[in-house]
Asks: 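After the structure tokens below, expect a handful of questions from me.
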Amino acid sequence: MARLAQTAGLTDVQREILSTVRDFVDKEIIPVATGLEHRDEYPQQIVDGLKELGLFGLMIPEEYGGLGESLLTYALCVEEIARGWMSVSGIINTHFIVAYMLKQHGTREQKDHFLPRMAAGDIRGAFSMSEPALGSDVSAISSKAVKDGDAYVLNGQKMWLTNGGTSSLVAVLVRSDEGHPEGTAPHKSMTTFLVEKEPGFGEVRPGLTIPGKIDKMGYKGVDTTELIMDGLRVPADRVLGGVTGRGFYQMMDGVEVGRVNVAARGCGVAQRAFELGVRYAQQRHTFGKQIAQHQAIQFKLAEMATKVEAAHAMMVNAARKKDSGERNDLEAGMAKYLASEYCKEVVEDAFRIHGGYGFSKEYEIERLYREAPMLLIGEGTAEIQKMIIGRRLLEEYRFQG
């Protein structure tokens with residue numbers, strides 16, 4: 001049989017891109033990922049390789065120097081990269097969310113200014129919604145922008161920025177009451193600002209501080225940070241789309257892309273866990289035969305492979321729906337929910353197949369076991385996805401009594 005998680009209906013160009021990415025993952029990421037992860041080291045050489053391949057411009061239109069590929073192509077590339085090391089997929093994910101938001105909602109000047117350099121990988125993107133006290137409740141954002149002449153002054157603290165240190169452009173969602181009277185619905189008084197900064201930590205521009213990396217259980221290598229704004233002045237022409245009050249909708253559009261990405265990451269990590277589990281099951285012997293010959297292990301492998309296939313199919317469906325121009329929040333929510341849950345289960349089964357060796361840092365499955373939980377909460381928890389799915393189902397199946 002063919003390798004798991006094949007995708008029907010791809011063009012020759014898509015197949016060539018995926019083959020190139022897979023070769024890069026096998027040669028340049030998998031051999032070094034565990035060592036870099038244990039040292040919590042930023043994978044600069046890998047990132048430089050992705051830049052050479054043109055992957056930072058994968059979904060950016062050709063008129064801006066990108067490859068102009070679809071969300072499906074991007075998701076399948078993310079799946080391959082996450083199979084090698086999930087942290088690397090995180091580096092390009094937030095970059096693409098910002099590029100997508102610019103492409104969909106930016107002014108002509110904003111697109112001309114940012115997208116060519118983003119396509120080349122010279123500008124790296126990050127986006128920022130969450131804050132220390134709000135979790136998934138985006139409407140509770142307290143960071144604020146106040147108009148001051150031809151600029152806005154931003155104050156507040158943001159949390160959980162992937163690429164917070166290494167990025168040079170951050171899309172920041174804050175409350176902006178200017179033009180929105182008291183009593184306006186919270187989601188109608190939010191604005192996305194395009195904040196340029198120097199890469200690094202500490203005060204990266206006047207009024208903007210990026211503290212050091214947050215120490216995490218997994219998802220290491222990639223920098224996850226806070227962002228502190230204290231009198232940060234941002235020109236009015238850096239309001240995404242040029243109009244205040246549209247930030248919530250812009251961010252949610254980007255998050256739909258992000259949820260497809262997280263689903264793709266779950267698929268990639270699950271694929272790698274299956275590969276490790278099925279290989280180890282044929283190397284380890286007990287009671288005079290490979291453990292793969294024991295029925296209990298075969299049952300596990302069957303369940304793992306089925307989950308990998310199911311998650312991949314849902315992820316592909318969500319990406320294709322978005323590419324068609326249709327609303328895909330239901331499909332993206334389902335794909336993100338299923339892929340992240342199945343990823344956790346497949347990784348745990350591979351961990352169990354490894355027995356005591358799975359607990360050793362010498363084995364790759366130990367890293368995957370610490371990485372998988374991040375997918376359960378990234379881009380919205382399972383509970384948030386269920387709320388989205390439930391509400392959309394009630395819209396589609398509204399009872400007419």
Side-chain angles (χ1 to χ4, degrees), residues 71 75 78 90 93-94 97 100-101 104-105 127-143 158-162 171-175 184-192 219 224 245-267 269-270 307 310-322 324-345 372-401:
L71 177 59
V78 166
N93 176 41
T94 52
I97 291 177
Y100 174 83
M101 290 167 62
Q104 295 296 107
H105 306 287
F127 83 111
S128 177
M129 286 195 301
S130 189
E131 295 182 1
L134 64 85
S136 298
D137 183 10
V138 179
S139 66
I141 280 177
S142 61
S143 297
K158 309 298 282 187
M159 195 70 180
W160 305 118
L161 275 77
T162 300
V172 182
L173 184 65
V174 300
R175 190 173 300 284
T184 300
H187 62 279
K188 293 183 178 179
S189 61
M190 294 184 188
T191 298
T192 302
Y219 198 41
T224 305
R246 297 180 180 175
F248 179 83
Y249 304 102
Q250 295 164 346
M251 281 280 179
M252 290 304 103
D253 192 22
V255 165
E256 283 185 14
V257 173
R259 284 179 179 147
V260 173
N261 171 282
V262 172
R265 287 198 239 180
C267 292
V269 173
K307 289 173 181 177
H312 175 83
M314 291 200 75
M315 178 270 291
V316 168
N317 181 54
R320 282 183 162 147
K321 187 92 174 206
K322 186 78 170 177
S324 73
E326 297 181 67
R327 179 178 179 181
N328 87 326
D329 53 342
L330 174 64
E331 291 78 10
M334 284 182 168
K336 191 276 173 185
Y337 168 57
L338 191 80
S340 58
E341 295 290 338
Y342 275 1
C343 175
K344 177 201 66 160
E345 294 169 12
M374 196 285 290
L375 298 173
L376 299 173
I377 54 176
E379 311 294 4
T381 63
E383 289 73 24
I384 290 294
Q385 307 312 317
K386 290 177 184 178
M387 286 173 56
I388 294 168
I389 294 165
R391 288 170 181 169
R392 287 285 286 114
L393 290 173
L394 289 173
E395 289 178 18
E396 295 294 331
Y397 290 88
R398 187 173 299 281
F399 174 68
Q400 302 295 329

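Remember, it's a predicted structure, so these values are computed and weren't measured experimentally.
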Asks: Under 3.5 Å, is there a donor-acceptor pair between the side chain of Lys386 and the main chain of Thr381?
Replies: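 No.
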Asks: To the nearest 0.5 Å, tell me how far Phe248 CZ sits from Thr191 OG1.
Replies: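 The OG1 atom of Thr191 is 13.0 Å from CZ of Phe248, to the nearest 0.5 Å.
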Asks: Indicate yes or no: at least one non-hydrogen side-chain atom of His105 is less than 4.5 angstrom from one of Met251.
Replies: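 Result no, sub-4.5 Å side-chain heavy-atom pair not found.
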Asks: Do Glu131 and Ile141 have side chains that approach each other closer than 4.5 Å (heavy atoms only, starting at C-beta)?
Replies: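 A side-chain contact under 4.5 Å exists here.
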Asks: Determine the minimum heavy-atom distance between Ala335 and Met314, stating which atoms define it.
Replies: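 Looking at all heavy atoms of both residues, the shortest contact is CB-O, 3.6 Å.
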Asks: Do Leu330 and Glu395 make a side-chain contact, defined as non-hydrogen atoms from C-beta onward lying under 4.5 Å apart?
Replies: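 When only atoms from C-beta onward are counted, Glu395 and Leu330 do not touch, as no gap falls below 4.5 Å.
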Asks: Roughly how far, to the nearest 0.5 Å, is CZ of Arg320 from CD of Glu326?
Replies: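 Here the interatomic distance stands at 13.5 Å.
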Asks: Looking at every heavy atom in both Gly254 and Tyr100, which two are closest together, and how far apart are they?
Replies: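 Minimum heavy-atom contact is CA-CD2, 4.2 Å.
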Asks: For the residue pair Leu173 and Gly247, what are the closest heavy atoms and their distance?
Replies: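 Reported closest heavy-atom pair: CD1-C, 3.5 Å.
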Asks: Measuring from Tyr337:OH to Ile388:CD1, what's the distance to the nearest 0.5 Å?
Replies: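 Answer rounded to 0.5 Å: 13.0 Å.
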Asks: Is any NZ, NE, NH1 or NH2 atom of the basic residue among Glu379 and Arg259 found under 4.0 Å from an Asp or Glu carboxylate oxygen of the other?
Replies: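 Salt bridge absent between Glu379 and Arg259.
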Asks: Closer than 3.5 angstrom, by distance alone: can the side chain of Thr162 be matched with the main-chain N or O of Thr224 as a donor-acceptor pair?
Replies: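 Flag not set: sc Thr162 to bb Thr224 has no pair under 3.5 Å.
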Asks: Where is the tightest heavy-atom contact between Ala319 and Ala75, given as atom of each residue plus distance?
Replies: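 Distance-wise, the nearest heavy atoms are CB-CB, 4.4 Å.
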Asks: Flag the pair Arg392 / Arg327 as yes when at least one side-chain heavy-atom distance between them is below 4.5 Å, and no otherwise.
Replies: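 Result yes, sub-4.5 Å side-chain heavy-atom pair found.
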Asks: Do the side chains of Ile97 and Asn261 get nearer than 4.5 Å, heavy atoms only?
Replies: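 With C-beta onward as the side chain, the pair stays apart.
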Asks: Determine the sole option in Glu345, Glu341, His312 for which the side-chain hydrogen bond (donor to acceptor under 3.5 Å, both in side chains) test with Lys307 is passed.
Replies: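 That would be Glu345; it is the only one of Glu345, Glu341, His312 passing the side-chain hydrogen bond (donor to acceptor under 3.5 Å, both in side chains) with Lys307.
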Asks: Just wondering, do Arg265 and Asn93 contact through their side chains at under 4.5 Å, heavy atoms?
Replies: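 Yes, close enough: below the 4.5 Å cut-off.
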Asks: Could you give the distance from CD (Gln385) to CG (Asp329), rounded to the nearest 0.5 Å?
Replies: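 Here the rounded value is 10.0 Å.
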Asks: Short question: side chain of Lys344, backbone of Pro373 - any donor-acceptor pair under 3.5 Å?
Replies: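 Side chain of Lys344 to backbone of Pro373: no pair is present.
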Asks: Heavy-atom distance under 4.5 Å between the side chains of Glu256 and Leu71, does that happen here?
Replies: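 Not in contact.
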Asks: Is there a donor-acceptor pair closer than 3.5 Å between any side-chain N or O of Lys158 and the backbone N or O of Val174?
Replies: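 No; zero donor-acceptor contacts below 3.5 Å.
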Asks: In Å and rounded to the nearest 0.5 Å, what is the CZ to CD distance from Arg398 to Glu396?
Replies: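 It comes to 10.0 Å.
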Asks: Provide the closest heavy-atom pair for Ala310 versus Tyr342 in the form atom of the first, atom of the second, distance.
Replies: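 Looks like CB-CE2, 4.0 Å.
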Asks: What pair of heavy atoms forms the shortest contact from Leu375 to Cys343, and how long is it?
Replies: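 Closest pair (atom of Leu375, atom of Cys343, distance): CD1-SG, 3.8 Å.
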Asks: Would you give the length of the straight line joining atom CE of Met334 to atom CG of Asn328, rounded to the nearest 0.5 angstrom?
Replies: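 Taking CE in Met334 and CG in Asn328, the distance rounds to 12.0 Å.
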Asks: Indicate yes or no: does Asp253 engage Lys322 in a salt bridge with an N to O separation below 4.0 Å.
Replies: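 Salt bridge between Asp253 and Lys322, a charged N being under 4.0 Å from a carboxylate O: yes.
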